[in-house]
Each structure stands twice: as structure tokens, then as C-alpha cells.
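The structure appears right after this line, and notes come after that.
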There are 2 protein chains.
Amino acid sequence: MPNETYPAHYQGIFAVFNSIYPLSEEIKVAIIKNSEVVGVKRKTILLNAGDHSNTIYFIVNGGARVYYLDKEGKETNTWFLFENELLISVYGFFTGQPSFEYIETLEDSTLIAVKRDKLDEMYLQFMEFNYSGRKLTEYYYIRNEEQTNNLRMLSAKQRYDQLMLHNPKLFNRVSLGHIASYLGISQETLSRIRKQK
Amino acid sequence: MPNETYPAHYQGIFAVFNSIYPLSEEIKVAIIKNSEVVGVKRKTILLNAGDHSNTIYFIVNGGARVYYLDKEGKETNTWFLFENELLISVYGFFTGQPSFEYIETLEDSTLIAVKRDKLDEMYLQFMEFNYSGRKLTEYYYIRNEEQTNNLRMLSAKQRYDQLMLHNPKLFNRVSLGHIASYLGISQETLSRIRKQK
DNA sequence: CCCAACTTTTGACAAAAGTCAAAAAATCAT
DNA sequence: ATGATTTTTTGACTTTTGTCAAAAGTTGGG
């Protein structure tokens, strides 16, 4: 059955899952039935700290950031995510505990939203869906670990260079202030690092 | 069938998996068939940088560290793992790429070793096994993310305090030099932080 | 028990990064 | 376009953390 029989917005998410483990028609139908396509404006808060994170988003287009507030109330960004990526607050979504993180769109975005209870149903109904879920979790885990290792071992300048090398496009879509906290440095230091190049 | 019919060393690993998703007798038998119980001395290298990481270990007793060498050749520890925990080099094991990390036992240890191809076979043969695999990956992911956030946002002293609060027993089993690099600080700074308390 | 090896602490100094305040530049809505 | 916001840069200064070298303390094997 050709893919065109499914709504166009689902092309991306099906492709991502399908590249890991073949998605049966049943699962595709279930995904469509258990999800909702939503369009949101830039700067929309998708998750507030304190709330329960019960939705996972697949970004069809647009982008978002995950951040939290440090003791002085300053925002610290932990992730930036864009088209064809999954968007959650990892801690809140995985543990079911109230979130300490916020999720906010960076741009006008189209998202596929799946509620956690629906996702859990699908994981229990289609055991092979856990195969893809596991692989995707592994993939994001590795991305997180890279970040950990960079923070542990590299200087501010080296972390900046790494990001420039591996994700230069980020600088076109995210303000330097946001990038600074992601790199674990002050905005002023980031500015100075960029200047001395 | 009572658990005592299985080798005593497998109690812990079965309990860990069983608490996530019921382990069928078939999977238990497969795990035993596809694994090996190994006893190793303290300071045994289980994985060398450059090698392919093709074994996952469950620690029956003992402990190990995962570390790598920075540009100056200094060791940086990324994980400490002990009894009833899974032991891998995340990047190497998940990606299949040659490892940049080393794994070394910290104490004489008993381990259950499963080769990656055997694990993959089990994941394909028993789809519900992916459910447990996914949940375990999520669990270790969260632990890693905590570490990332601490490194991004907390001062050396605050990171030390966090570790003391959440994992004080670590200090009984791991030298301060090893803990320093795990916290992303120099040994001297760690020593000074501890003194000023 | 004692020596050798390893681990931890200390001191003096240097380098990295943060803070605060203000100016400059860029962006956005009207 | 233009004034108002937001973002980025700059300067002066402070704090944090690192580095190097040496001393002190600890541990384990013979």
C-alpha cells in the first residue's frame, strides 16, 4: 500500500520508525488514531515545570527548546530539537514525575502529539514497537552522553568549537543567549569566544 | 517454577528484568544459554579503546569504571557501576563503532557477560524483551542526564555536594582521584572542597 | 614490620570564566 | 521607516578553578 494513503504529515515519523524496524500497517493506523497533528505559534509553552509531562511530540516542522530554571531563576537550555526529531522532557516523560523542565517552541511549528497513555497502549499492543522505541532511546541517549562528556572535559571554547563543527545550523535558528546556557557558559563568555576567532 | 532451579548468580539479573516486565521461562533459559558467568580480578580491563564493544555485563558483585583519555592522555571517568547494574560503554555498544572508552574493574568482580549478537538475537526472538530493554535504557539515560545537568549548571562544590547527597557510598569504593574526573574537576580542587566543609 | 607505590593534601601562582553595568546592534510591530 | 524591545558586545573587575611542584599520608606485598 503506497504511503500516500496516509496523511502527508505522517511521512516523516513513519520514515524514522520504518528505518529502524518495519512498521506494520496496523501500527501506522494505530499511530494515526492515537495522535493529533497540532500547529502552534512560536514561543508556545508545550510543557510547564510542575506539570506532568504526558505528551511526546514528533516535530513535522519548526523547532523547540527544553529548558529549566536554575536557583536564581535563570533559564538553562538542555535540548534544541527540530524537524523529524522527537520532543519530550526526558526526565518527566520517562519517570512520570512532575517536570522540572519547560518545553517552548522556537518557531511556528507543526507537531504530531501522542499522549503517554496511548503510547504505552501501543507499546503493550505491538511488542515490536518497543524495538524501535528502544533504538530511538539509545540514539538520544548517545547524543546526551556526548554533551555530558563535552561538559566534563572541554573548555568553554572547545565546547563552542565542537558545536560549530557538529551542528553549525543551530546558530541560524537559535539565539546566542540560548546557546550559551546550553554550552554551560555565560552569554558574555560566548560573545568573547566568538570574537577572538 | 521456583527461581532456585536457576543458577544462583542469575537471581539478580532476573529480578531486575522481572520487575519491569515478566520474564518468561523461555527467556530465562535463553539468557542462561546465551551468557557466561565470569570472575575477574580487580583492575581487569574489560574493554580497550579502539576495540569493538561487543559484550554487555551484568554485575553480580564487584564494580567497574568506564573512562577515556583526554587529549593530554589523562583519564576521565564517565561511569561507576556496581552490583545489579548493567555495564557497557554506551557509545560503543549502542553504535557498534570502535570504542573511545575503556572499562576496568575496580574490585574483584563476578559478571554475567552477554555478547551483543546473542543479545540482538534475543531482542528479535522475544519482542517483549525489548520492552525491558527500552525501560532500562530510559533509566540509565535519566541518570546520565542528571549528570549532564549538574555539569552544565552547578559549581564544582555543588556537584560534589550532590554526589555526597545522592551517592555517598561511592566514596567508600572509589578513590578521590577517580571521583574528581567524574565530577569534571581536578583532584586538587576536590581536595580543597572537601577540606573547607 | 617496612619499603615502595600510590593517593591525597598543601602552597603559590596562573588561567578561565563569571558578574555587573552600560553601550551598541539587530529585530519587530505598528 | 521608526521607536521599542530584544539580543549581543564591551569593559572593568571578581571569583572559581586549574596547574605545577612538593610534602604528607595511606596501603599492600614481601
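To find a chain, count down the sequence lines: A is the first, B the second, and so on, and within it residues start at 1. Just so it is clear, the model here is predicted, and its values are computed rather than measured.
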As a quick check of understanding, evaluate side chain to side chain donor-acceptor pair (under 3.5 Å) for B/R159 and B/N150, giving each step before the final call. CA-CA 6 Å; B/R159 299 203 294 275; B/N150 287 346; over 6 Å; no
Let me see the working for B/E188 and B/R192 under salt bridge (Lys or Arg N to Asp or Glu O under 4.0 Å), right down to the final yes or no. CA-CA 6 Å; B/E188 294 93 330; B/R192 287 178 182 118; over 6 Å; no
Once base and sugar-phosphate atoms are separated, protein heavy atoms under 4.0 Å mark nucleotides 14-20 of chain D, 5' to 3', with B, S and - as ---SBBB
Each nucleotide in nucleotides 23-30 of chain C should get exactly one letter: B, S or -. Can you fill that in based on protein heavy atoms under 4.0 Å? --------
Treat primed atoms plus P, OP1 and OP2 as sugar-phosphate and everything else as base, then score nucleotides 23-30 of chain D 5' to 3': B for base contact with protein heavy atoms under 4.0 Å, S for sugar-phosphate contact only, - for none. --------
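The nearest whole Å value for the distance from the CG atom in B/L176 to the C1' atom in C/dT9 is 10 Å. Straight-line distance from the CG atom of B/L106 to the C1' atom of C/dC6: 15 Å, rounded to whole Å. Summarising the geometry, the separation between CZ on B/R152 and C1' on C/dG18 is reported as 18 Å, rounded to the nearest angstrom. Between B/Q158 atom CD and C/dG18 atom P there is a gap of 13 Å when expressed in whole angstrom units. A straight line from CD of B/Q187 to C1' of C/dT9 spans 9 Å, rounded to a whole angstrom. Rounded to whole angstrom, the span from the CD atom of B/E75 across to the C1' atom of C/dC6 amounts to 13 Å. The nearest whole Å value for the distance from the CG atom in A/L183 to the P atom in C/dA17 is 11 Å.
Partners of B/Q125 by side-chain hydrogen bond (donor to acceptor under 3.5 Å, both in side chains), not counting sequence neighbours: none found.
Using a 30° and 60° split on the angle between ring planes, A/F80 and A/Y182 fall in the tilted class, from 30° to 60°. Below 30°, between 30° and 60°, or above 60°: for A/Y91 and A/F100 the angle between ring planes is between 30° and 60°, a tilted geometry. Between B/Y141 and A/F94, the two ring planes are perpendicular [angle over 60°; tilted spans 30° to 60°].
Of the candidates D/dT10, C/dT7, C/dT10, C/dT10 carries the atom nearest the B/S191 side chain, counting heavy atoms from C-beta on.
For the pair A/S35 (side chain) and A/V114 (backbone), a donor-acceptor distance under 3.5 Å is absent. B/T105 contributes no side-chain N or O that, together with a main-chain N or O of B/A64, makes up a donor-acceptor pair within less than 3.5 Å. With A/T110 contributing its side chain and A/N61 its backbone, the two residues share no donor-acceptor pair below 3.5 Å.
In this structure, B/L87 is not a member of the same hydrophobic cluster as B/Y67, with clusters built from ILVMFWY side-chain heavy atoms closer than 4.5 Å. Two different hydrophobic clusters hold B/I56 and B/Y102 under the rule that ILVMFWY side chains link at heavy-atom gaps under 4.5 Å.
For residues 76-94 of chain A, the salt bridge (Lys or Arg N to Asp or Glu O under 4.0 Å) pairs, not counting sequence neighbours, are A/E83-A/R173, A/E85-A/R143.
Computed from C1' positions of five pairs at each end, the angle between the two local axes of the helix from C/dC1-D/dG30 to C/dT30-D/dA1 equals 60°, rounded to 10 degrees.
With no hydrogens or angles considered, no side-chain donor-acceptor pair links B/S109 and B/Y57 at under 3.5 Å.
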